[in-house]
Novice: 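Submitted below is the structure of interest, expressed as structure tokens.
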Amino acid sequence: MPELPEVQTVVSNITPRVVGSRVRKVQLNRTDILTPAGINLPALLTGRTITNVARRAKRIVVTLDNANRFYIHLGMSGQLTLATKGSEIKKHTHLILHLANGNGLRDTIELRFRDPRRFGGVFWLGRDSADTGLGPEPLTLRPAALARALAHTRRPIKSALLDQTVIAGLGNIYADECLFLAGVHPLTPSNVLTPGQIGRLNRAIKQTLRRAIAARGSTLRDYVDADNKPGKYRSKHNVYGREGKPCTKCKSAITRIVLTGRSTCFCPHCQPQS
DNA sequence: GTCCATGTTCTTTA
DNA sequence: CTAAAGAACATGGA
């Protein structure tokens, strides 16, 4: 899926083009993408104007003119795209919002949510905050807050970085890339990281995410931005997906292990077990 | 046919 | 009790 850089790319892409638009019509092709189950999304959205679109963690949070909110989660294979009316509707397109701009012009654009694996979905918030169950944003995280979040657990640092209640927005690609940049072994117990390691990790998280956002994210297979364009960051990966290949820094072979059921790639020389 | 995949949540185990 | 590991979800590509 889309992790923080990919979600940020989509949000940056669609925000200026949908804020101020009115929802003319809602086409909901399957209802099992909705949470809570049973809500009448078309009734809740039709006729409303979108006043804001923002990212929180990996959630795309949409605010309406009546202060109600919902968010879209892209799961592993989700895509949120802008399309012109009449363009091909791909298989697994579950929701289409037909938007009209504020000038009273007819249907100019469609916001389409497509998700083959259906690990994502549409989550209605009403007037609640989108923060439920989420830790701090990595891009503004302070070292002291990171230290606090890691001090109470012996889990491997890689597992902690994937836990959205600890830090919200990292996923399997960027957790590995951040640990490489910080020079930290993924199996290091979270609570034995030194203040120096925490500082380096905090800086590595920000640098990795900023660079990935600048490259419009990583595309492995499914991810595309709102204009169906893939991200360019994959070619810049130092470890993720590079098992057996030479480390970009020291030429040692990149190692792959399975941790919490996920591929974990690291350089055994640059990220020594401490 | 097999294995693997950018995520989250529920269940089982220790 | 808690923490951590494992399974499940659904689809498709290699």
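Lettering of chains follows the sequences in order, A, B, ..., and the numbering in each one begins at 1.
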Novice: What I want to find out is whether A/R216 reaches A/D227 closely enough, with some N-O distance under 4.0 Å, to be called a salt bridge.
Specialist: no

Novice: Specify the separation, in whole Å, of atom CG of A/D115 and atom P of B/dT8.
Specialist: 12 Å

Novice: Using a strict cut-off of less than 4.0 Å between a Lys/Arg side-chain nitrogen and an Asp/Glu carboxylate oxygen, indicate whether A/D222 and A/R117 qualify as a salt bridge.
Specialist: no

Novice: Heavy-atom nearest nucleotide on DNA chain C for A/H152 versus A/G261: which residue maps closer to 5'?
Specialist: A/H152

Novice: If pairs are Watson-Crick or G-U with both distances under 3.5 Å, what is the dot-bracket string of DNA chain B, marking crossing pairs with [ ] and pairs to another strand with |?
Specialist: .||||.||||||||

Novice: Grab the CD-C1' distance between A/E243 and B/dC4 for me, whole Å please.
Specialist: 12 Å

Novice: Which part of the nucleic acid, if any, lies within contact of A/R234, taking any heavy atom under 4.0 Å across all strands shown: a base, the sugar-phosphate backbone alone, or nothing?
Specialist: nothing

Novice: Applying a 4.0 Å non-hydrogen cut-off, can you work out what A/Y240 is touching in the nucleic acid: base, sugar-phosphate, or nothing?
Specialist: sugar-phosphate

Novice: Report yes if a side-chain nitrogen or oxygen of A/S263 is closer than 4.0 Å to either non-bridging phosphate oxygen (OP1 or OP2) of B/dA5; otherwise report no.
Specialist: yes

Novice: For atom C1', what is the distance between C/dG13 and B/dT8, given to the nearest Å?
Specialist: 23 Å

Novice: From A/I157 CD1 over to A/L193 CG, what is the distance, rounded to the nearest 0.5 angstrom?
Specialist: 5.0 Å

Novice: Expressed as a whole number of angstroms, how long is the span from A/R155:CZ to C/dT2:P?
Specialist: 15 Å

Novice: Can you measure from CG (A/L170) to NZ (A/K158) and round to the nearest 0.5 angstrom?
Specialist: 10.5 Å

Novice: Please give, in whole Å, the distance from C/dA4 C1' to A/L162 CG?
Specialist: 14 Å

Novice: For the residue pair A/T9 / A/D225, report whether a side-chain donor-acceptor contact shorter than 3.5 Å exists.
Specialist: no

Novice: Rounded to the nearest angstrom, tell me the gap between atom CG in A/L220 and atom P in B/dC3.
Specialist: 21 Å

Novice: How many angstroms lie between OG1 in A/T31 and CG in A/L95, if you round to the nearest 0.5 Å?
Specialist: 11.5 Å

Novice: Atom CG in A/L201, atom OG1 in A/T188: separation rounded to 0.5 Å?
Specialist: 10.0 Å

Novice: Counting only side-chain heavy atoms from C-beta out, which of B/dG7, C/dA4, B/dT8 sits nearest to A/M76?
Specialist: B/dG7

Novice: Mind calculating the distance between CZ (A/R59) and P (B/dG7) to the nearest angstrom?
Specialist: 14 Å

Novice: What interatomic distance, in whole Å, is found between P of B/dT9 and the corresponding atom of C/dG12?
Specialist: 24 Å

Novice: Find the distance between OH (A/Y240) and CG (A/L220) and round it off to the nearest 0.5 Å.
Specialist: 5.0 Å

Novice: Does A/T153 reach a base, just sugar-phosphate, or nothing at all? Heavy atoms under 4.0 Å.
Specialist: sugar-phosphate

Novice: Looking at the side chain of A/K58, which of B/dA5, C/dA4, B/dT8 is the nearest nucleotide?
Specialist: B/dT8

Novice: How long is the span from the CZ atom in A/R55 to the OH atom in A/Y71, to the nearest 0.5 Å?
Specialist: 14.0 Å

Novice: Could you say whether A/L259 or A/R262 is positioned toward the 5' end of DNA chain C, judged by the nucleotide with the nearest heavy atom to each?
Specialist: A/L259

Novice: Can you give one letter per nucleotide of nucleotides 9-14 of chain C, 5' to 3': B if a protein heavy atom sits under 4.0 Å from the base, S if only from the sugar-phosphate, - if neither?
Specialist: BBBBS-

Novice: Side-chain N or O of A/Q164 versus OP1/OP2 of B/dG7: is the shortest distance under 4.0 Å?
Specialist: no

Novice: Using a strict cut-off of less than 4.0 Å between a Lys/Arg side-chain nitrogen and an Asp/Glu carboxylate oxygen, indicate whether A/E177 and A/K236 qualify as a salt bridge.
Specialist: no

Novice: For A/Y71 and B/dG7, what is the distance between atoms OH and C1' respectively, to the nearest whole Å?
Specialist: 12 Å

Novice: Rounded to whole Å, please give me the gap between CG in A/D163 and C1' in C/dA3.
Specialist: 11 Å

